[in-house]
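Just so you know, ligand 1 is whichever comes first in the structure, and atom 1 is the first atom listed for that ligand.
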Amino acid sequence: YYFSLEYLMGRLFGNNLIATGLRDTASAALASLGQDFDSIRESEVDMGLGNGGLGRLAACFMDSLATLDYPALGYGIYYEFGLFKQEFVNGHQVEHPDNWMKFGDPWEVVRPEYAQEIPLYGRVENVFDDRGNYRPRWVDTKSILGVPHDIPIAGYGTRTVNLLRLWASKATEDFDLAAFNRGGYVEAVRDKAVGETVSKVLYPNDKTENGKELRLVQQYFFVAASLADIMRVFVRRHGTNWELFPDRVAVQLNDTHPTIAIPELMRLLVDEHGVDWNTAWDITRRTFAYTNHTLLPEALESWPVALLSRLLPRHLQIIYLINWLHLHEAVAAGHTDADLIAAISLIHEPGEQRVRMGHLAFIGSHAVNGVSALHTELMRDTVFAALAKVAPTRIINKTNGISFRRWFYEANPGLTALIRDELGPRVFDDPAALRRLEPLAQNKAFVARYRAVRHENKLALADILRASVGVTVDPDAMFDVQIKRIHEYKRQLLNILETIALWRAMRAAPQHNWPGRVKIFAGKAAGSYERAKLIIKLAHDVAKTINDDPVTGDRLKLVFVPNYSVEIASRIVGAADVSEQISTAGMEASGTGNMKLALNGAITIGTLDGATVEIRDHVGADNIVIFGLTADEVAARRKDRFAGENAVGPELAGVIDTLESGELSPDDPKRYAPIVASLLDHDPFMVAADFSAYWAAQRALDDRWRDSDRWWPSSVLNTARMGWFSSDRAIRDYADDIWRVPVTA
Ligand code: 26W
C-alpha cells in the first residue's frame with residue numbers, strides 16, 4: 001500500500017492503451033470512424049494531483065507495480081482542484097484554479113459501499129477498566145465521511161490492473177447537528193460544506209506548509225480512511241489475527257505527509273482492538289517504511305503540539321508515549337549524552353513545542369530510504385545523524401526511477417519505433433536490453449536515423465512554442481532545456497544569468513562561430529514564493545530583450561513555456577539536446593527529470609547532485625558535462641563562510657552591469673536589485689560561486705555540439721545506458737528489500 005498525498009498522473013488514455021497493447025488498434029479503429037487519435041487523446045484533462053517530483057514518482061511507481069504484477073493499492077486524496085494553472089501576464093506568473101473534473105472524470109469508479117467515517121477534534125476521556133487498565137476514550141468528536149474513488153492502473157503486457165484509491169470528503173449527517181438544533185437550517189447546510197472542503201484542493205507548495213490546520217486535517221483524513229480500509233480487507237481474510245498483519249500488509253509512506261498513520265495504527269490496535277502496547281508497536285514498525293525526499297530544513301514537517309492536541313488529542317498522547325519509550329530505550333542502550341537525547345526526541349523543544357514528523361516516521365518504520373546514493377549518504381550525515389546512531393542499519397538507499405512506458409514509448413514514438421526496428425519488441429520488457437544499442441553509436445546509418453527522430457521531435461516542439469509563446473525558433477539550434485519547479489536551489493537563475501552573459505558575448509563578437517541555442521524553460525512557482533516569481537519575471541525580461549535582437553538573431557532565443565504539466569514534459573523530453581541539472585550540490589534529493597531527458601538522449605550539463613551522480617556513473621564521464629562545487633565543498637564554504645572568496649569573474653561582472661543598468665527592465669530599473677544584492681552578499685545558493693565553472697562548461701558543450709561526430713554517438717550512448725533508471729528496477733528493489741512481497745500473477 002503506497003500512501004501519498006500526491007499523484008501526478010497526467011493523462012491516462014494513451015498510457016492505458018499502450019499498457020494493454022491496443023494503441024495501434026485503437027488508432028486504426030478511430031481512423032475508420034473518421035476520428036483522429038491525437039485529437040481524441042487531446043480532449044482528456046490532465047490529472048494533476050501533485051506538485052512535482054514526489055507526486056510524479058508516485059505515478060511512475062503505480063505503473064511499475066501493476067506492470068510487475070505486485071498486488072498493490074495507491075491511497076491518496078481525490079482533490080477537486082489539482083495544481084493551479086499558470087498563466088503569464090506581462091511576464092508575471094498568475095495562478096488559476098485547476099477545475100479538472102468540471103465535466104467529470106471518465107476513469108473514476110465510486111465505491112460508496114466502502115465509505116469510512118473519520119473522527120476529528122473532541123477530547124480524551126481517561127477511563128480505567130475493572131482491572132485498572134487505562135482504556136481511554138476519544139469522545140465528542142466531529143466526523144467527516146471519506147468516499148473512495150478508484151482509478152484503474154493497467155500494467156503493461158499483463159492482466160494485472162491495480163487501483164489508485166482516492167478519498168473524497170463528504171459531510172456526515174451529524175457534522176453540524178448543533179447549528180441545526182439551534183434552528184439555523186441555512187447555517188447548518190452551509191456548515192455541511194466544511195466536510196467537503198477537506199478534499200477540495202491540493203496544497204501548491206513543494207517545500208513549506210507552515211502549520212496550516214487544513215493540511216493536517218487532509219493528512220489525517222486520508223490516512224485514517226486508508227488504514228480502516230486496509231483493516232476491513234485484512235479482517236475479512238484473516239480475522240483479528242493481528243500478529244499476521246505485518247506479513248500481509250506493507251505501507252510505504254511517501255515523505256512525512258502520511259506519518260500520522262503511525263499513531264493512528266497504534267490507536268486502532270490498542271484502543272479499538274485491545275492489542276497490548278508492545279505487540280502493537282512491534283506490528284506497527286514492521287508494517288511501515290518511510291521514504292525521505294528532501295533535506296531542506298524548511299521542508300521538514302513539524303506540527304505544533306497545541307494544534308495536535310486540539311485536532312487529534314488521542315494521537316498526541318500516543319506520540320508522547322512513543323517518545324517516552326523511545327528515549328528510555330536509547331538511554332538503556334547506553335546513549336546517555338543529553339545533546340544526543342534532545343536530538344533524537346520526537347518533540348522539538350526550544351520555543352513552541354512541535355512534533356518532528358521525520359523523527360516519528362523514522363522510529364515508527366523498519367526501513368527509511370533516501371532516493372539517490374548521495375542523498376542517502378547526506379541523510380545519514382545530517383538530518384538523521386543522531387537517530388542513525390541509535391538505529392545504525394535503518395537508513396537504506398533506493399534510487400528513484402521513471403516509467404519507460406510513459407517517458408520513452410509514449411513520449412517518443414519515433415525513437416521507440418527506431419529501437420523496435422533495431423532490437424526487436426523484447427526490449428520493451430527489459431530496459432537493460434537497451435545496452436545493445438551501444439555498438440550502434442558508431443554506426444553512421446543508425447546515428448542518422450536517431451538524429452532524424454530528434455529533428456522531427458524538435459519540429460513538433462517548435463510548433464508548440466510558436467503556438468504557445470509566439471516565438472519562432474530554429475530547429476537546427478541546440479534545444480537546451482530546464483523544466484522543473486522554480487526554486488532557488490534548482491538555480492534557474494544561474495541558467496538565466498548565463499543566457500545574459502552569452503548574449504553579451506555574442507554581441508561583442510558577432511563574427512564568432514556561436515552555435516545556435518534555444519533556452520527552454522518551464523515550471524511553476526509556488527504562489528507565495530516571491531523570489532521564484534521574480535526569477536520567472538527575469539526570464540521574461542531577458543526573453544523580451546534578446547529574442548528580437550537582430551545581432552544575435554536565430555542564434556539565441558529564450559522561451560518560457562507556460563503551465564508546465566506531465567503533458568508538456570512529454571512533448572519536450574524527446575526534443576531536448578541538452579538537459580540542465582544544475583542544483584546547488586547537496587540540495588536536490590534525486591531528480592527524475594534528469595533521467596527522462598538522458599533516456600531520450602539529451603546530454604546533461606549538471607552538478608554532482610542527486611541521481612545525476614549515478615547518471616554519470618552509468619552513461620560514462622565522457623557523455624555528460626559536470627561542473628561546479630561538490631556537496632562537500634558547498635558544506636565547507638557554508639561552514640567557513642569565507643568572505644571575499646566569491647571572486648566575480650568578468651562574465652558575471654558584465655551580467656551584473658546589465659542587471660543594474662535597468663536595460664532589461666526599463667519600466668522598473670531597480671527590479672533586480674535584490675537578486676544582485678544576494679549574489680554579491682551571502683550568495684546562499686552559490687550562484688556566483690559556480691558561475692565561471694558553469695560558463696566554461698557551457699562553452700565546452702558548444703565545442704561538442706560543433707563536433708557532430710562526437711555529439712550524436714554520445715547522445716545514443718545516453719539512451720543505451722539509462723536502462724537502470726527504470727522505475728521497474730526501483731520497485732523490484734523496494735519489493736525485495738523493504739516489503740518482502742512476492743508477485744501474484
Ligand atoms: C510540506 C510541504 C512539502 C511538499 C512536498 C514538502 C516537501 C515536498 C516534497 C518532498 C518535494 C518533492 O517533490 N521532492 C522531490 O522528490 C523527488 C522524488 O523523490 C526528487 O526526485 C526530488 O529531488 C525532490 O526535490
Side-chain angles (χ1 to χ4, degrees), residues 2-8 48-61 76-77 83 202-212 214-216 218-219 252-260 290-303 354 356-358 361 368-376 378-379 383 397-403 407 483-491 523-529 532 564 569 581-598 606-607 609-615 631 725 727 730-731 734:
Y2 203 74
F3 277 25
S4 179
L5 219 48
E6 305 191 8
Y7 290 91
L8 197 38
L49 310 187
N51 274 287
L54 162 139
R56 183 55 230 179
L57 184 75
C60 287
F61 278 7
I77 295 181
L83 185 61
L202 165 77
Y203 273 95
N205 291 339
D206 65 341
K207 294 298 165 214
T208 53
E209 210 47 83
N210 28 48
K212 296 265 170 49
L214 179 58
R215 168 87 175 178
L216 182 57
Q218 286 186 336
Q219 296 182 349
Q252 190 68 35
L253 303 172
N254 199 22
D255 214 274
T256 54
H257 317 154
T259 297
I260 198 70
Y290 154 55
T291 305
N292 173 281
H293 295 268
T294 179
L295 302 173
L296 298 193
E298 66 271 31
L300 297 177
E301 282 192 303
S302 68
W303 290 106
R354 302 178 75 98
R356 296 162 162 157
M357 301 309 273
V368 175
N369 77 282
V371 290
S372 74
L374 174 63
H375 167 65
T376 301
L378 293 171
M379 276 170 74
V383 180
N397 179 242
K398 291 283 162 272
T399 298
N400 283 167
I402 57 172
S403 160
W407 297 109
I483 48 177
K484 50 184 84 230
R485 282 300 281 254
I486 312 301
H487 212 290
E488 285 163 284
Y489 84 82
K490 294 180 187 284
R491 298 201 295 191
K524 295 174 181 178
S528 56
Y529 192 171
Y564 185 53
Q581 306 301 334
I582 59 177
S583 50
T584 313
M587 301 193 80
E588 188 69 271
S590 164
T592 46
N594 50 2
M595 302 169 190
K596 294 160 197 171
L597 288 155
T607 48
D609 200 16
T612 302
V613 177
E614 290 151 86
I615 291 178
F725 295 91
S727 46
I731 284 298
Y734 277 86

**Request:** With atom 1 (C) of ligand 1 as the reference point, say which of E301, H375, E298, E6 has the nearest heavy atom.
**Result:**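 Shortest heavy-atom distance from atom 1 (C) of ligand 1: E301.
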
**Prompt:** For atom 17 (C) of ligand 1, which of S372, G53, P204, S583 has the closest heavy atom?
**Reply:** G53

Nearest neighbour in protein (non-hydrogen) for [atom]:
atom                    : value
atom 22 (C) of ligand 1 : E588 OE1, 3.4 Å
atom 19 (O) of ligand 1 : H293 ND1, 2.6 Å
atom 6 (C) of ligand 1  : D206 O, 3.5 Å
atom 21 (O) of ligand 1 : G591 N, 2.8 Å

Looking at ligand 1, does any of its N/O atoms fall within less than 3.5 Å of an N/O of [X]?
X    : value
H257 : no
Y489 : yes
D255 : no

**Item:** Candidates K484, K490, E588, R491 - the one meeting side chain to side chain donor-acceptor pair (under 3.5 Å) with Q581
**Value:**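 Checked K484, K490, E588, R491 against Q581; only one passes side chain to side chain donor-acceptor pair (under 3.5 Å): K484.
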
**Item:** Identified side chain to side chain donor-acceptor pair (under 3.5 Å) counterpart of T376 within the set N369, N397, N292
**Value:** N397

**Message:** Can you tell me how far apart OG1 (T256) and OH (Y290) are? Round to the nearest 0.5 Å.
**Reply:**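 OH of Y290 is found 5.5 Å from OG1 of T256.
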
**Message:** Can you tell me how far apart CE (M587) and CG (L296) are? Round to the nearest 0.5 Å.
**Reply:**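 These two atoms lie 5.0 Å from each other.
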
Those atoms of ligand 1 less than 4.0 Å from some heavy atom in [X]:
X    : value
A589 : 23 (O)
N205 : 4 (C)
T294 : 10 (C)

**Request:** Give a yes or no answer on whether the side chain of D255 reaches the backbone of H293 with a donor-acceptor pair at less than 3.5 Å.
**Result:**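 At least one qualifying donor-acceptor pair exists.
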
**Prompt:** Distance-only, no hydrogens or angles: does the R485 side chain make a donor-acceptor pair with backbone N or O of K524 under 3.5 Å?
**Reply:**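 Answer holds: yes.
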
**Prompt:** Which bit of N400 gets closer than 4.0 Å to ligand 1, counting heavy atoms only: side chain, backbone, both or neither?
**Reply:** side chain

**Prompt:** What part of L54, side chain from CB on, backbone N/CA/C/O, both or neither, has a heavy atom under 4.0 Å from ligand 1?
**Reply:**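 The answer is both, backbone and side chain.
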
**Request:** Run through R215, R354, R356 and flag the one making a side chain to side chain contact (heavy atoms under 4.5 Å, CB included) with W303.
**Result:** R215

**Request:** Indicate whether the side chain of D609 and that of S583 have a donor and an acceptor atom separated by less than 3.5 Å.
**Result:**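 Note: D609 and S583 side chains meet the donor-acceptor criterion.
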
**Prompt:** Among side-chain atoms of E6 and N254, is any donor-acceptor pair under 3.5 angstrom?
**Reply:** no

